[in-house]
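Here the structure is laid out as structure tokens; the discussion comes afterwards.
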Amino acid sequence: MLLDSNIIVYAAQPEHDRLRQFIAENAPSVSLVSYVEVLGYHRLAESERRFLEEFFDAADILPITDEVAEQAIRLCQQRRISLGDSFIAGTALAFGLTLVTHNTEDFRWIDGLNLLDPLLPGEG
């Protein structure tokens, strides 16, 4: 499994104990893009930043390989998609991972990409 940036942000919020448990039980990976997106957010509170730095220290952060870049390019050629989303989806495709996201509608059109929304009842 590959965590989308939004799932990481939700996991940092106190009300998402169940999501943190899901992450701990499944030991998913994250894209290098999510690492930059999440820690690079300019409005992080100090407590959020510390939590997220600890999370990423323990995470398996997947690199942007040539295959990831090729997948991202292919997605950008098919439809308008943000650069970050194209690399995150490209990472999931290149590594053969299910993308764990709360924004399933942003990715549903991508052939061969398995999606999971752990915030929906009965999903995670």
Side-chain angles (χ1 to χ4, degrees):
M1 284 190 266
L2 181 78
L3 297 182
D4 191 7
S5 303
N6 64 44
I7 293 297
I8 299 165
V9 170
Y10 284 121
Q13 298 170 356
E15 66 269 20
H16 288 290
D17 287 333
R18 193 180 74 121
L19 179 58
R20 286 189 297 280
Q21 181 179 353
F22 169 83
I23 292 169
E25 290 171 358
N26 290 285
S29 300
V30 298
S31 166
L32 181 61
V33 172
S34 291
Y35 175 74
V36 173
E37 280 183 340
V38 172
L39 283 179
Y41 182 63
H42 67 284
R43 291 187 179 172
L44 281 181
E46 182 62 23
S47 61
E48 292 171 319
R49 187 187 56 73
R50 278 194 311 272
F51 171 85
L52 292 167
E53 285 175 346
E54 288 176 18
F55 170 81
F56 284 115
D57 283 345
D60 180 21
I61 301 172
L62 300 178
I64 297 174
T65 63
D66 289 346
E67 174 64 18
V68 169
E70 289 169 15
Q71 291 286 352
I73 290 167
R74 183 181 60 80
L75 295 173
C76 289
Q77 290 171 339
Q78 290 178 21
R79 182 185 281 189
R80 184 178 177 140
I81 183 173
S82 74
L83 188 60
D85 283 354
S86 72
F87 274 103
I88 291 168
T91 300
L93 291 167
F95 285 90
L97 300 171
T98 295
L99 180 58
V100 180
T101 182
H102 192 51
N103 295 336
T104 56
E105 288 305 312
D106 292 350
F107 300 99
R108 194 170 307 283
W109 61 274
I110 300 172
D111 290 335
L113 181 62
N114 295 318
L115 300 172
L116 174 67
D117 184 348
L119 295 176
L120 290 179
E123 289 279 325

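- For Asp60, the side chain to side chain donor-acceptor pair (under 3.5 Å) test picks out Ser29, with sequence neighbours left out.
- Considering every non-hydrogen atom in both Val68 and Pro63, the closest pair reads CG2-O, 3.9 Å.
- Going from atom CD1 of Ile7 over to atom CD1 of Ile23 covers 7.0 Å, rounded to the nearest 0.5 Å.
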Under 3.5 Å donor-acceptor pairs involving side-chain atoms of residues 51-58, not counting sequence neighbours:
unit_1	atom_1	unit_2	atom_2	d
Glu53	OE1	Arg49	NH1	2.6
Glu53	OE2	Arg49	NH1	2.7

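- If you take CG on Leu19 and CD on Gln13, they are separated by 9.5 Å, rounding to the nearest 0.5 Å.
- Under the side-chain contact (heavy atoms from CB on, under 4.5 Å) criterion, Ser82 pairs with Asp85, sequence neighbours left out.
- Under the rule for a side-chain contact (heavy atoms from CB on, under 4.5 Å), the partners of Gln21 that lie at least two apart in sequence or sit in another chain are Glu25.
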Could you give the side-chain donor-acceptor pairs of residues 93-104 under 3.5 Å, partners two or more places apart or in another chain?
unit_1	atom_1	unit_2	atom_2	d
Thr101	OG1	Asp4	OD2	2.7
Thr101	OG1	Asn6	ND2	3.1
Thr101	OG1	Asn103	N	2.9
His102	ND1	Asp117	OD1	3.0
His102	ND1	Asp117	OD2	2.8
Thr104	OG1	Arg108	NH2	3.0

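- Side-chain contact between Gln78 and Trp109 is present, with at least one heavy-atom pair separated by less than 4.5 Å.
- With sequence neighbours left out, the side chain to side chain donor-acceptor pair (under 3.5 Å) criterion links Ser5 to Ser34, Glu37.
- Closest approach of Leu75 and Ala89 over heavy atoms only: CD1-CB, 3.6 Å.
- Qualifying side-chain contact (heavy atoms from CB on, under 4.5 Å) partners for Ala72, counting only residues two or more places apart in sequence or in other chains: Ser86, Phe87.
- Every salt bridge (Lys or Arg N to Asp or Glu O under 4.0 Å) that Asp17 has, sequence neighbours left out, goes to Arg20.
- Considering only residues two or more places apart in sequence or on other chains, Ala27 meets the side-chain contact (heavy atoms from CB on, under 4.5 Å) condition with none of them.
- Taken from OG1 in Thr91 to CD in Gln71, the straight-line distance is 9.5 Å, to the nearest 0.5 Å.
- Nearest heavy atoms, Ala92 versus Leu2: N-CD2, 3.6 Å.
- By the criterion of side-chain heavy atoms lying less than 4.5 angstrom apart, applied directly or through intervening Ile, Leu, Val, Met, Phe, Trp or Tyr residues, Leu32 is not grouped with Ile73; the two fall into different hydrophobic clusters.
- Evaluation of the salt bridge (charged side-chain N to carboxylate O under 4.0 Å, His left out) test over residues 64-82, restricted to residues two or more places apart or in two chains, returns none.
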- request: Show your working on side-chain contact (heavy atoms from CB on, under 4.5 Å) between Ile81 and Cys76 and close with a plain yes or no.
  value: CA-CA 6 Å; Ile81 183 173; Cys76 289; 3.9 Å; yes
